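Below is one structure, written out as structure tokens; comments come after it.
Naming: A, B, ... by sequence-line order, numbering from 1 per chain. The model shown is predicted, which means the values in this text are computed figures rather than measured ones. Worth knowing before you read on, the calculation uses all heavy atoms, side chains too, and leaves out hydrogens, waters and symmetry mates.
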Amino acid sequence: MNTPMLELKNVNLNIDSFSLSNIDLDLYKDEIHVIMGENRSGKSLLMQVVSGAILPDSGQLFLNGEELKYKTYAARAKRDIVYVRQDADLMTNLTVAENLYFHKMPYKNKLLKIIDQNELNYMCQKLIDELNLPFSIYDKISSLGLAQRQIIEFCKAYVSDAKIAILDEPFASLTQNERELLYEVVKNIKAKGTGIFYITHKLEDVFLIGDRISVIRDGRMVGTKLVANCTKEEIIKMLSGQYIQKRYPKIDKKAGKTVLSVRNLGFEDKLENISFDLAKGEILGVTGLAGSGRTLLANCLFGAVENVTGQVFLNGSEVKIKSPHDAISKGIALIPENRMTDSIFSCWDVNDNVSVSALKRFTNAFMINMPILRQAVLDYTTKLNISQNPGNSILEYSGGNQQKAIFAKWIMSRAKIFILDEPTRGLDIASKIDIYNFINDLVKKDVGIIFISSDIEEILGLCDRVAVLSSRTLACNVSTKDITVEQIIELATKDDE
Amino acid sequence: MFAIERIRIIKNYLQKESKVSVAKLSELLNVTEVTIRRDLEKLEAEGFLQRTHGGAVINNLVQDEPAEEQSDKYLIERQEIADTAFHLVSDNDMIMITEGLTNVQVARRLSRKNNLTVITNDVRIALEFKNSPSNNLILLGGDLNEYAVYGQLAINNMQYFSFNHLFVEVDAINKQTGMMASSISKASLIQKAMQSAESTTVVCLAKYFGEKSLYRIGSIETADRIITNSALDDSYKDYLFGLNIKIYTSVDIYEE
């Protein structure tokens, strides 16, 4: 067997309480090596190591069979490896041609850097004909849709001289045609003799274009297999691994009356035909891949986006939720995924952050009754174990304390429906346990909870029912007792049609 | 403003001023006098104050409640723990509850269930079920030590039973030594009970975590769940989650 173009041996890296351990990975010429793993399993971090953006703590790195020092590796990688990221970094005011050849501009005069427009357009037209791409060279990027931008990103990898390409997760929301076009581009890149790492969530991708597949979980390599001799079930098995659902503190509570009903909810071309019921004292888990519209669904229910179609019923009567203000006044609370930008007031201290949505109850003739408000807030913060440093900005607190303060805010405002979007992401274990127990207190008191999480173990351990978002709609909505981790992964990674 | 918030404020005020008028409170809290009177009634029932004409004075007299509960500083925490326990038991379950002050509260709460079969060695727990005819109570026999029976007789007694759910109250939980009890007879009774239970729930106040007691019951892993109050130290949450034990830090904060 020939030597691999790239090889990682026993690589370790520890960053912000997440670590890659004992990673072995290699890539051969003319190969598409698919990397799979759940959200936050370490795929992107691993690719950053491969691309030389982050240096590992220990382990060996080889290029073309030659072991390199980390610094040398990083320098070579910069030249030889092209990394196409999820978030398209195209220049939206330039044309397709200018974007594609940005790093390889043909110049009339090298010194003065005068661009040879004719040459540029000619090259680009040739490329477009060659790959049969659905746009013209003069199109501005800003006029193109997400799918087309994605294709351009991939074409940039084709145009570049890189020997290795890393293609990170194409958008989950591509149509079948767009997807096939993308596959064509990827195959063309491979035909040039380039080795490709292809990161994806879709099982179908593996069998359509993959040569080998590696699965990563919790920063460890689960295994690498030739696609030709492995089955779908084997991959799902590798992805799911050992789950421990036993350790989640769940209480038994008979679900009460239906408090929220959603019928045929839709939003643009991203969500359609979503229907579900939520009962009092029930936790409905919602999971799905990144980009499947979990957060969007939360925003639709909270009135944070406009032009939502379908009907929403609260306690049996239809309501129109046009703005977050509407939602709050109807007793719906949202704890958003992105704590820093969407839910804390970073210039205030914890007390102000906690009290902000309950101020109405403490006002008298337009004046806030401060001493009483302070006492009430203190009551909540001590109960919820939030450490007290009066006057300090909330930014100086740990993520766990910030998230607990956000819970305190909504608990104090007495919301009847809580929508939790990744409430425990990135928190330390102690804070997670606190939050699970806050949720228990809410459940005991008949609050309905929509619990959005990409941690399937957490969903199965904590929720009464689970709904999987896939292909713009809910692929299932069943009791957590009737579904396994494998089934959830299969539903979530299932493609359209 | 919620009752819980008002009541706290009224208590604080009374502790400082020792008497207050309804009008004053109504103005301070921005609620009607009717609401204030209702709050004062509630506090009077608790024995915190005595209502007077148009107001209330703080009550410093000892009440005729059981002496033990009067002096129990952790009554609220114990009640919160009991409330969580209530949501872990279903009607028709066979359960055993061992001796302990927190478990007395657990029993009080569980007495509102239906069709339970309860086995206990604690006389106080048995008495909690005196007014709930729909539940079936079995009191073990043995050597009485204060409020509970222990010894070989009690253990022999227990062998006739198997139960779905066991609630044990331990005296200390420690990372090094596991679960501890203050007497050998208690430790051995709990050990025996754990053998005949399908699942074991350990009940312990947060302040006894990291403490030590003389007799070892067993390692923490033998418990399926631990119920404690919300003051539990973070390092224990981390540790117990790592052992795959469900950890309930009961907190009663949301007001319906």
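- Looking only at distances, no side-chain donor or acceptor of A/K444 sits under 3.5 Å from a matching main-chain atom of B/H87.
- When heavy atoms are compared at a cutoff of 4.5 Å, A/S431 does not approach chain B at all.
- At a heavy-atom separation below 4.5 angstrom, chain A is approached by no residue within residues 161-173 of chain B.
- Ranked by heavy-atom pairs under 4.5 Å with chain A, the list B/I245, B/I226, B/I227, B/L243 is led by B/I245.
- Side-chain contact between A/Y436 and B/I247 is absent, with no heavy-atom pair separated by less than 4.5 Å.
- Contacts between B/T84 and chain A at a heavy-atom distance below 4.5 Å involve backbone atoms as well as side-chain atoms.
- Checked against the 6.0 Å centroid threshold, A/Y248 and B/F241 count as a close aromatic pair.
- Checking side-chain atoms of B/Y254 against main-chain N and O of A/M412 turns up no donor-acceptor pair under 3.5 Å.
- Every residue two or more places apart in sequence or in another chain was checked for a salt bridge (Lys or Arg N to Asp or Glu O under 4.0 Å) with A/E458, and none qualifies.
- Among A/P371, A/G400, A/A415, the residue with the largest count of heavy-atom pairs under 4.5 Å with chain B is A/A415.
- Between chain B and the residues A/D441, A/I411, A/N369, the largest count of heavy-atom pairs under 4.5 Å involves A/D441.
- Evaluation of the salt bridge (Lys or Arg N to Asp or Glu O under 4.0 Å) rule for B/D234 yields B/K237 as partners, not counting sequence neighbours.
- A/N440 places no side-chain N or O within donor-acceptor distance of the main-chain N or O of B/S250, the cut-off being under 3.5 Å.
- When atom types are taken as modelled, the side chain of A/N437 and the backbone of B/V251 share no donor-acceptor pair closer than 3.5 angstrom.
- Ranked by heavy-atom pairs under 4.5 Å with chain B, the first of A/I429, A/V447, A/L442 is A/I429.
- Between A/L378 and B/R8, the shortest heavy-atom distance links the atoms CD2-NH2, 3.9 Å.
- Remark: A/V356 pairs with A/F345, A/W348, A/K409 by the side chain to side chain contact (heavy atoms under 4.5 Å, CB included) rule, at least two apart or across chains.
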